[in-house]
Amino acid sequence: MSSSHSYASEGGLRNCGSCFLFAALLLLAVLPHPLRAEPLRPFVMVTDQPETTYEGKWQRLAYQEAFRRLGVPLEVELMPTQRVSAMVDSGAVDGQFMRVPAYGETHPDQVRVDESIYEVRFAIWASNPALTLPRLEDLTATNWIGVYRRGVELCQRSLSSLVPETRLTSIATEYDGLRMLLSGRVDFFCEIDAALQSALYSPEFKGVTSVRPLLTIGDRVVLYPYLYKTNADLAPRLAAVLQEMKAEGLLERYKQEAREK
């Protein structure tokens with residue numbers, strides 16, 4: 001009697017155990033697996049340089065390698081310079097490739113990555129060989145017509161008090177500025193040297209030698225990446241990777257590769 005009761009109890013436990021196992025498997029099939037890792041969302045960085053330009057090529061090479069080392073998938077979006085600021089300020093994108101050191105003072109929702117990857121100089125450019133400009137202030141004594149690229153804030157600030165609105169306008173791209181300069185529609189174009197030189201590398205302006213700097217504005221400026229504030233924890237990690245890449249000579253190598261493509 002006792003052995004029969006014992007056998008029945010053991011059989012019941014075995015059956016009950018099977019029920020528990022089946023229920024657990026069913027629950028795992030219905031619910032998301034707690035150990036399954038979600039794919040990382042791409043980190044969206046923006047630039048005003050198309051991937052077909054010299055600037056756009058080396059920028060993408062550099063940042064793609066940097067984010068590969070960070071283990072973070074990168075997505076690069078192209079948009080006009082002025083829109084870049086608005087998109088990062090709002091958090092619609094995660095960051096941008098490069099801005100001047102003081103940029104963050106007027107864009108408090110963006111965090112600077114404290115490792116510069118590029119140096120530029122702002123300048124007044126001309127194509128007419130007869131034009132000279134000893135000092136920036138001498139623009140007030142001319143009747144010259146000029147343009148600057150929208151979003152290049154130093155050009156806008158430097159020129160707005162010296163040239164009346166009727167003779168100073170903003171344009172969308174460095175290509176527009178060069179076209180206007182070479183066609184004689186404007187006398188000068190205020191632009192970053194890197195952007196202008198990048199445009200001169202393009203097939204449209206290949207062989208153009210008449211464009212020259214009339215006057216540089218300020219000293220050379222180092223440029224830094226900026227990230228939206230919610231990505232602040234990534235800033236020191238990205239800075240460390242960029243510093244490592246600079247020490248390896250990778251950034252210069254990418255610039256050389258971009259020139260040869």
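We number each residue from 1, following the sequence as shown. In what follows, every heavy atom counts, from backbone to side chain, and hydrogens, waters and symmetry copies are set aside.
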Given Val46 and Phe97, is the side chain to side chain contact (heavy atoms under 4.5 Å, CB included) satisfied, shown in steps?
CA-CA 6 Å; Val46 290; Phe97 282 172; over 6 Å; no
Would you sort out whether Leu159 and Ile124 count as a side chain to side chain contact (heavy atoms under 4.5 Å, CB included), showing the intermediate values?
CA-CA 10 Å; Leu159 298 174; Ile124 304 290; 3.9 Å; yes
Test log, rule salt bridge (charged side-chain N to carboxylate O under 4.0 Å, His left out), inputs Glu248 and Arg253:
CA-CA 9 Å; Glu248 294 170 10; Arg253 193 181 89 191; over 6 Å; no
Criterion side chain to side chain contact (heavy atoms under 4.5 Å, CB included) on Phe43 and Leu227, from CA distance to verdict
CA-CA 10 Å; Phe43 196 90; Leu227 307 180; 4.0 Å; yes
What do the steps show when you test Tyr228 against Val111 for side chain to side chain contact (heavy atoms under 4.5 Å, CB included), and what is the final call?
CA-CA 6 Å; Tyr228 185 59; Val111 176; over 6 Å; no
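Residues Met180 and Ile171 meet the side-chain proximity criterion, which asks for heavy atoms closer than 4.5 Å. Proximity of Tyr201 to Glu55: side-chain heavy atoms (C-beta onward) are nowhere separated by under 4.5 Å. Side chains of Thr81 and Arg99 form a contact here, defined as non-hydrogen atoms less than 4.5 Å apart. By the 4.5 Å heavy-atom criterion applied to side chains, Ile217 and Cys190 are counted as neighbours. Contact annotation: the side chain of Leu238 never approaches that of Glu115 to less than 4.5 Å [non-hydrogen atoms, C-beta and beyond]. Looking at heavy atoms from C-beta onward, Ile117 lies out of side-chain contact with Met245 at the 4.5 angstrom threshold. Side-chain contact between Val211 and Phe189 is absent, with no heavy atoms from C-beta onward closer than 4.5 Å. When side chains are defined from C-beta on, Met45 counts as touching Leu74, because their heavy atoms get closer than 4.5 Å.
With Asp48 as the fixed residue, the side-chain hydrogen bond (donor to acceptor under 3.5 Å, both in side chains) test singles out one of Arg83, Arg149, Arg150: Arg149.
Taking the side-chain contact (heavy atoms from CB on, under 4.5 Å) definition, one finds that Ser210 meets it with Ser127, Leu182, Val208, sequence neighbours left out. Considering only residues two or more places apart in sequence or on other chains, Tyr118 meets the ring pair (Phe, Tyr, Trp, His ring centres under 6.0 Å) condition with Trp58.
Annotation for Leu131 and Leu214: closest pair O-CD2, 3.3 Å, computed over non-hydrogen atoms. When every heavy atom of Trp125 is checked against every heavy atom of Gln197, the shortest pair comes out as CH2-NE2, 3.9 Å. For Val113 against Ala235, the heavy-atom pair with the smallest separation is CG1-O, 3.6 Å. Nearest heavy-atom pair across Lys255 and Tyr54 is O-CE1, 3.3 Å. Heavy atoms only, all atoms of each residue included: Pro101 and Tyr224 are closest at CG-CE1, 3.6 Å. A pairwise comparison of heavy atoms in Glu174 and Ala199 identifies CG-CB, 3.8 Å as the closest pair.
Under a cut-off of 6.0 angstrom, the local environment of CG in Asp233 is crowded, with over 12 non-hydrogen atoms contributed by other residues, nucleotides or ligands.
Judged by distance alone, the side chain of Ser183 and the main-chain N or O of Arg179 form a donor-acceptor pair under 3.5 Å. Side-chain N or O atoms of Arg68 include none that pairs as donor or acceptor with a backbone N or O of Gln64 at under 3.5 Å. Side-chain atoms of Arg220 do not come within 3.5 Å of backbone N or O of Phe122 as any donor-acceptor pair. Within the 3.5 Å criterion, the main-chain N or O of Arg121 finds a donor-acceptor partner in the side chain of Asp193.
At a threshold of 4.5 Å between side-chain heavy atoms, the hydrophobic network of Ile, Leu, Val, Met, Phe, Trp and Tyr places Val120 and Leu215 in one connected group. In the hydrophobic cluster analysis, where Ile, Leu, Val, Met, Phe, Trp and Tyr join through side-chain heavy atoms closer than 4.5 angstrom, Val147 is grouped together with Leu181. Hydrophobic cluster membership differs between Val93 and Leu70, with clusters built from Ile, Leu, Val, Met, Phe, Trp and Tyr side chains linked at under 4.5 angstrom. Cluster annotation: Leu139 is not connected to Val186 through the hydrophobic network of ILVMFWY side chains, with a link wherever side-chain heavy atoms come within less than 4.5 Å.
Inspection of the Gln156 and Ser160 side chains reveals no N or O donor paired with an N or O acceptor under 3.5 Å. A donor atom on one side chain and an acceptor atom on the other are not found under 3.5 Å apart for Ser158 and Tyr148. No side-chain donor from either of Gln82 and Glu153 sits under 3.5 Å from a side-chain acceptor of the other. Judged purely by distance below 3.5 Å, without hydrogens or angles, the side chains of Gln59 and Glu51 never pair a donor atom with an acceptor atom. At a cut-off of 3.5 Å, with distance as the only test, a side-chain donor of Gln96 or Tyr103 sits close to an acceptor on the other residue.
We find that Asp176 and Arg185 are not joined by a salt bridge, their nearest charged nitrogen and carboxylate oxygen being 4.0 Å or further apart. The pair Glu244-Arg69 meets the salt-bridge criterion, with a side-chain N (NZ, NE, NH1 or NH2) lying under 4.0 Å from an Asp/Glu carboxylate O. Remark: Lys246 does not engage Glu252 in a salt bridge, criterion side-chain N to carboxylate O under 4.0 Å.
Summarising the geometry, atom SG belonging to Cys155 is positioned 6.5 Å from atom CD belonging to Glu191; distances are rounded to the nearest 0.5 Å. For the atom pair Asn143 CG and Asp187 CG, the distance stands at 7.5 Å (nearest 0.5 Å). Atom CD1 in Ile145 sits 7.5 Å away from atom CZ in Arg167 (nearest 0.5 Å).
Ring geometry for Trp144 against Phe188 counts as tilted: the plane angle lies between 30° and 60°, on a 0 to 90° scale.
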